[in-house]
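These numbers come from the heavy atoms of this one structure, side chains and all, not from hydrogens, waters or symmetry mates. Chain letters run A, B, ... following the sequence lines, proteins first and then strands; every chain starts at 1.
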Protein chains: 2
Amino acid sequence: MSKQDLAPAASAGCCAPVAAAPLDEERATGLAAVFKALGDPVRLRLLSMIAAREVCVCELTPAFDLSQPTISHHLKLLRQAGLIDCERRGTWVYYWALPDALDRLVGFLTAARADA
Amino acid sequence: MSKQDLAPAASAGCCAPVAAAPLDEERATGLAAVFKALGDPVRLRLLSMIAAREVCVCELTPAFDLSQPTISHHLKLLRQAGLIDCERRGTWVYYWALPDALDRLVGFLTAARADA
DNA sequence: AGCTTGTATCGAAGTTTGTCGATGCAAGCT
DNA sequence: AGCTTGCATCGACAAACTTCGATACAAGCT
């Protein structure tokens, strides 16, 4: 039996036949990488602080009970996920948020939300 | 539009924005647990299939190149995250999505997005 | 040139995660 | 009762993750 045609298009009737495409494997991998970056309380708090306004690392590190290398590691993961970016200005390094990555996540979630 | 002044004693300059509260540790832990559940391509695809419509496990398992216990394990994690729920009906088990969890994630993301 | 401070990178240790085969349980059969 | 099918749980293993101290790099000092 072919499971290609999962959608019975039963009583759905008029509108919304198979609302969102079932999320192909490639797109799922890309999205999952970003979600995984948010799957840690420390990184979530870091992102929320950075999204509020551009922040220097020297303000972020003392806000946690973690070592400086650990905070630096989490910032690197957020950056690799495309959620933030940084720049060195003299002695200090400043981080800011990249809204596009958040937009992609919201797009997926609202599509799933709409289906449900 | 009330901006609570949680500003750090830093010399933030004139206005000291700090829009949303910086996401307390407890809420960050709860949200991160849900984001972590989405941090895997298999679970993301499972959720998108389940969100489209209520689905029987017997339709989900053959859609992946993974063993049946592995799919069952991923479904359990999604359920523990509050993203889906299930019910046994005779021989088969059916899963459906819980939109509230998605709403919470969208709420966090759009708040962060607004700040940035 | 040295010294000091801010940040990133480098191993390493301990924990968690993804996956599997084997097994167990539930429900519908004959 | 037995047999078969659908799904969950168990135990194990390799891979990945989080965290740390030690170290290296970068920039502004004296």
Side-chain angles (χ1 to χ4, degrees), chain A residues 1 3 6 23 25-26 28-47 49-50 54-96, chain B residues 8 10-11 25 28-47 49-50 54-96:
Chain A
M1 45 191 73
K3 32 200 92 72
L6 286 177
L23 188 59
E25 194 167 345
E26 185 182 355
T29 302
L31 275 173
V34 187
F35 277 122
K36 176 150 57 173
L38 297 182
D40 181 282
V42 175
R43 288 195 291 271
L44 221 46
R45 289 172 60 199
L46 281 169
L47 178 66
M49 296 168 76
I50 294 171
E54 188 179 276
V55 183
C56 171
V57 176
C58 63
E59 293 182 65
L60 295 173
T61 303
F64 297 84
D65 266 344
L66 293 170
S67 71
Q68 174 267 319
T70 297
I71 298 298
S72 189
H73 173 67
H74 284 305
L75 289 171
K76 183 180 184 178
L77 293 187
L78 285 173
R79 195 155 54 86
Q80 287 175 336
L83 287 160
I84 61 175
D85 201 357
C86 66
E87 183 190 25
R88 170 163 224 131
R89 291 186 207 140
T91 306
W92 297 280
V93 177
Y94 291 86
Y95 280 80
W96 60 87
Chain B
S11 60
E25 194 168 345
T29 302
L31 275 173
V34 188
F35 278 123
K36 176 151 56 172
L38 297 181
D40 182 282
V42 175
R43 288 196 291 272
L44 222 45
R45 289 172 61 200
L46 281 170
L47 179 65
M49 296 167 76
I50 295 171
E54 187 180 275
V55 184
C56 172
V57 177
C58 63
E59 294 181 64
L60 295 172
T61 304
F64 296 84
D65 266 345
L66 292 170
S67 71
Q68 174 267 318
T70 298
I71 298 298
S72 189
H73 172 66
H74 284 305
L75 289 171
K76 183 181 184 178
L77 293 187
L78 286 173
R79 194 155 54 83
Q80 288 175 335
L83 287 161
I84 61 177
D85 202 356
C86 66
E87 183 190 26
R88 169 164 225 131
R89 290 185 207 142
T91 305
W92 297 281
V93 176
Y94 291 85
Y95 280 81
W96 59 87

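Considering only side-chain atoms of Val42(B), the nucleotide from dA26(D), dT19(C), dA8(C) that sits closest is dT19(C). The side chain of Lys36(A) sits closest to dC17(D) out of dA8(D), dA8(C), dC17(D). The side chain of Val93(A) lies closest to dT7(C), out of dA8(D), dT9(C), dT7(C). When distances run from any side-chain atom of Asp40(B) to the nucleotides dG18(C), dT17(C), dC7(D), the shortest one goes to dG18(C).
Of the residues near DNA chain D, Asp65(A) and Thr91(A), the one whose nearest nucleotide (by heavy atom distance) lies more toward the 5' end is Asp65(A). Nearest-nucleotide positions on DNA chain C place Leu77(B) closer to the 5' end than the other of Pro69(B) and Leu77(B).
Within the 4.0 angstrom heavy-atom criterion, no nucleotide atom of any strand lies near Leu75(B). Contacts of Arg43(A) with the nucleic acid, taken as non-hydrogen atoms under 4.0 Å apart, involve only primed sugar atoms and P, OP1 or OP2. Within the 4.0 angstrom heavy-atom criterion, no nucleotide atom of any strand lies near Tyr94(B). Across all strands shown, Arg79(B) has no heavy atoms under 4.0 Å from either base or sugar-phosphate atoms. Residue His73(B) is classed as a base contact, given a heavy-atom separation below 4.0 Å to a base. Counting non-hydrogen atoms under 4.0 angstrom, Ile71(B) reaches nothing in the nucleic acid.
In this structure, Leu66(B) atom CG and dC7(D) atom C1' are separated by 16 Å, rounded to whole Å. Atoms CZ (Arg88(B)) and P (dA8(D)) sit 8 Å apart, rounded to a whole Å. Note: NZ (Lys76(B)) to C1' (dT16(C)) measures 15 Å, nearest angstrom. Trp92(A) places its CH2 atom 17 Å from the C1' atom of dC25(D), with the value rounded to the nearest Å. Per the geometry, CD belonging to Glu87(B) stands 17 Å off C1' belonging to dA8(D), to the nearest Å. The nearest whole Å value for the distance from the CG atom in Leu38(A) to the C1' atom in dT18(D) is 17 Å. Regarding Tyr95(A), its OH atom lies at a distance of 16 Å from the P atom of dG6(C), rounded to whole Å. For the pair Gln68(A) CD and dT9(C) P, the computed distance is 11 Å after rounding to whole Å.
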Begin from the C-alpha positions of Leu23(A) and Leu47(B) and carry the test side-chain contact (heavy atoms from CB on, under 4.5 Å) through to its verdict.
CA-CA 10 Å; Leu23(A) 188 59; Leu47(B) 179 65; over 6 Å; no

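The salt bridge (charged side-chain N to carboxylate O under 4.0 Å, His left out) search around Arg43(B) returns none, not counting sequence neighbours. Glu87(A) meets the salt bridge (charged side-chain N to carboxylate O under 4.0 Å, His left out) test with Arg89(A); sequence neighbours excluded.
Not a single donor-acceptor pair under 3.5 Å links the side chain of Ser72(A) to the backbone N or O of Gln68(A). The backbone N or O of Gly90(A) lies less than 3.5 Å from a partner atom in the side chain of Arg88(A), making a donor-acceptor pair.
Within a 6.0 Å radius of CD in Gln80(A), more than 12 heavy atoms belonging to other residues, nucleotides or ligands are found.
For Ser72(B), no side-chain nitrogen or oxygen approaches OP1 or OP2 of dC7(D) to under 4.0 Å. Remark: His74(A) is in phosphate contact with dT19(D), judged by side-chain N or O atoms under 4.0 Å from OP1 or OP2.
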